[in-house]
Number of protein chains: 2
Amino acid sequence: MRRWGAGRGLLPTLNHLIALEATARLGSFRAAAEEMSLTQGAVAQQVRALEKEFDCPLFDRLPRGLSANRQGREYITRLRLALGIIDEATRELLHRDTPDEAGRLIVSTTSTFASRWLIPRLPEFSRANPDIAVMIDACDTARPLSGKGCVDMAIRWGAPPFAESHARFLLPASSIPVCAPALLSNSKALSPDNLDELPLISDSHKNWQRWFESCGRPGVKISGPVFSQTSHAIEAAEQGMGVALVPWLFVEAALHAGTLVHALNNQLQLDTDAGFYIMTAQPSGPESACGRVIDWLLAQGRAIEPAGP
Amino acid sequence: MRRWGAGRGLLPTLNHLIALEATARLGSFRAAAEEMSLTQGAVAQQVRALEKEFDCPLFDRLPRGLSANRQGREYITRLRLALGIIDEATRELLHRDTPDEAGRLIVSTTSTFASRWLIPRLPEFSRANPDIAVMIDACDTARPLSGKGCVDMAIRWGAPPFAESHARFLLPASSIPVCAPALLSNSKALSPDNLDELPLISDSHKNWQRWFESCGRPGVKISGPVFSQTSHAIEAAEQGMGVALVPWLFVEAALHAGTLVHALNNQLQLDTDAGFYIMTAQPSGPESACGRVIDWLLAQGRAIEPAGP
DNA sequence: CAAAGACAGTAGGAAAACTACAGGATGAGA
DNA sequence: TCTCATCCTGTAGTTTTCCTACTGTCTTTG
């Protein structure tokens with residue numbers, strides 16, 4: 001009997017369990033031995049060894065085979081469940097449809113972060129690292145970092161501490177109010193006191209409320225177009241539909257290109273303690289594919305920060 | 001890689017999986033080896049063997065330990081689940097609180113069958129088989145014959161075929177109308193045509209409707225006391241509350257003792273294709289405790305039948 | 001630049017698993 | 001009733017697997 005984990009667990013000789021299961025299913029050592037391509041004696045020894053390990057008989061010996069007793073039935077039913085899980089996991093591992101999956105790295109992030117920050121920078125990475133194929137899984141609900149359907153890393157907005165994962169800070173999430181330049185041309189100077197006279201574009205983060213609160217104007221009524229995704233809010237602002245309050249890093253390129261301008265002439269931004277973090281199941285070394293992607297991401301993040309407002 | 005079941009399944013060398021799990025959890029061969037009281041090389045070989053078996057790396061090799069890659073994380077998460085199930089089943093098997101459980105046999109049946117048929121006959125069996133302790137688990141919902149909390153056999157009312165279990169016919173379930181003798185003394189002769197003038201005691205089996213239908217009187221309104229358990233209906237009949245339509249075998253003793261009489265002078269009974277069956281997970285040999293109980297039950301059933309109406 | 005710590009790989013001994021065969025019990029069939 | 005067939009039990013002896021011990025290589029660290 002083998003200890004497991006921190007000594008709390010107990011596991012029998014696992015290889016013997018296959019013989020146990022087959023014997024229970026087929027009702028005799030002989031039939032089980034035939035299925036397993038072994039001799040009858042080998043199977044009998046394995047099962048006897050388990051019964052001795054447990055100090056508890058699992059079968060009634062009949063003149064014509066065996067029949068599991070109550071403890072045996074109870075144990076074997078649960079054993080089948082466990083073996084089925086291992087079997088399923090093993091077959092999926094063997095019959096994985098993409099044989100080159102080893103060099104493929106799946107990054108889960110939001111649609112907005114992917115289109116506004118990650119994808120524009122990705123070609124450079126791929127040129128420098130042709131052996132790593134980065135796949136972006138844009139999904140607004142978080143994907144698991146371990147288990148079935150897991151991803152290699154996730155880039156998510158949030159604040160520490162993060163349970164069950166290893167997180168590294170990537171980028172701050174300071175938001176600024178932006179709009180199309182045309183919206184400002186023929187009107188008076190804007191300030192926190194009169195900004196709400198323009199349409200205020202909202203996304204699902206409810207930033208405007210906190211922004212007005214930090215300006216000393218709590219309870220301002222937010223009216224204007226509403227989008228679930230930040231990227232849609234940005235596009236609406238570019239179309240002149242109003243003022244959007246969005247993370248600065250998502251509109252850096254648009255500000256540079258002139259399709260968006262800071263609505264308050266770089267005066268105010270909404271600082272939060274939250275930011276964008278890279279999350280992985282465990283720390284990765286700098287030489288692994290995952291580690292190389294993380295290092296590159298962090299370098300990109302450092303490169304962009306000093307140019308901020 | 002081992003085939004499993006009818007060849008559909010595939011299982012790796014199960015003993016190696018413990019090393020795999022520990023390595024993933026502790027992040028290095030060395031730490032895993034220490035936990036398992038082995039050398040670093042042994043653990044490394046086991047994990048390498050698995051990776052070769054799967055033809056798929058499960059870990060990224062870091063300069064300072066290892067880190068599971070995506071396939072590894074996915075596999076190990078599911079592996080932990082399976083090992084946890086085996087561990088739990090094993091610990092419950094080892095720490096079972098009743099060491100003499102091997103000689104204890106749990107029979108699941110209904111409260112009525114237990115009190116009206118089984119318990120009266122049980123002392124005789126126990127005298128003849130002092131080594132078998134029969135425990136009766138009276139429960140109106142069926143208990144499983146395998147898995148956690150399973151019972152050794154169940155005696156249940158029903159008709160073949162029974163899925164997922166081995167059934168042997170024990171007793172017919174023919175029902176007869178019975179009542180207290182006092183109920184008949186000062187009244188005219190009863191027949192199916194006027195029986196419904198007396199209170200009709202019902203249990204949850206809705207026998208009266210079918211009984212009147214088989215007498216050519218469908219749609220008769222059933223009025224009288226209603227009980228969920230047949231035994232309570234019998235007790236009510238004994239108290240003179242009305243006529244109960246119950247399996248003959250439950251009132252055999254009462255008819256003999258005179259506390260109940262056949263309401264129609266042995267004329268009519270309700271025959272159904274259903275009956276009482278002994279159900280076990282698998283056939284048991286005549287020498288096993290389970291087999292001896294079954295043989296005795298069947299003998300009791302045969303002994304009672306010829307004396308029937 | 002050297003020391004420490006980790007994994008990779010290999011040879012040989014230790015342990016286990018498996019086979020083969022003898023023995024005993026039970027049921028089927030002549 | 002007797003024999004045969006079938007199945008489990010148990011025990012050597014052999015084969016295979018597993019584990020250890022050790023060397024080599026790489027990387028971090030002081």
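Note that the coordinates shown come from a computational prediction; the quantities given were computed from them, not determined experimentally.
With rounding to whole Å, Leu26(A) atom CG is found 11 Å from dC8(D) atom P. Residue Gln40(A) contributes atom CD, which lies 17 Å from atom P of dA17(C) at whole-angstrom precision. For Leu38(A) and dT15(D), the CG to P distance is 17 Å, given to the nearest whole Å. Between the P atom of dC7(C) and the CD atom of Glu51(B) lies a distance of 12 Å, rounded to the nearest Å. Between Met36(A) atom CE and dC18(C) atom C1' the separation is 12 Å, expressed in whole Å. Atom-to-atom, NZ of Lys52(A) to P of dG10(D) comes out at 11 Å; the value is rounded to the nearest Å. Atom CG of Leu66(B) is separated from atom P of dC26(D) by 17 Å (rounded to the nearest Å). The distance between atom CD of Gln45(A) and atom P of dA15(C), rounded to the nearest whole Å, is 18 Å.
Closest approach to the Arg64(B) side chain among dG5(C), dT19(C), dT9(D) is made by dG5(C) (side chain taken as heavy atoms from C-beta onward). Across dA8(C), dC8(D), dT27(D), the shortest atom-to-atom separation from the side chain of Phe29(B) is found for dA8(C). Closest to the side chain of Arg48(B), out of dA8(C), dC7(D), dT9(D), is dA8(C).
By the 4.5 Å heavy-atom criterion applied to side chains, Phe59(B) and Thr23(B) are counted as neighbours.
Between Phe125(B) and Trp296(B), the two ring planes are tilted [angle within 30° to 60°].
Nucleotides of DNA chain C nearest to Val43(A) and Pro63(B) differ in position, and the one nearer the 5' end is that of Pro63(B). Positionally, the nearest nucleotide of DNA chain D for Gly65(A) lies more toward the 5' end than for the other of Gly65(A) and Asn15(A).
Listed pair Gln46(A) / dC18(C) meets the phosphate criterion, a side-chain N or O lying under 4.0 Å from OP1 or OP2. At dA8(C), one or more side-chain N or O atoms of Arg61(B) fall inside 4.0 Å of OP1 or OP2 (strictly under the cut-off). In this structure, His16(A) reaches the dA17(C) phosphate: one of its side-chain N or O atoms is under 4.0 Å from OP1 or OP2. Look at Arg30(B) and you'll find a side-chain N or O under 4.0 angstrom from OP1 or OP2 of dA6(C).
As judged by a 4.0 angstrom heavy-atom cut-off over every strand, Thr39(A) is placed among the base-contacting residues.
For Phe169(A) and Phe276(A), the ring centers sit 6.0 Å or farther from each other.
Side chain to side chain, Gln300(A) and Trp117(A) fail the donor-acceptor criterion of an N or O pair below 3.5 Å. For the 3.5 Å distance criterion, the side chains of Ser108(B) and Arg156(B) qualify, holding a donor opposite an acceptor.
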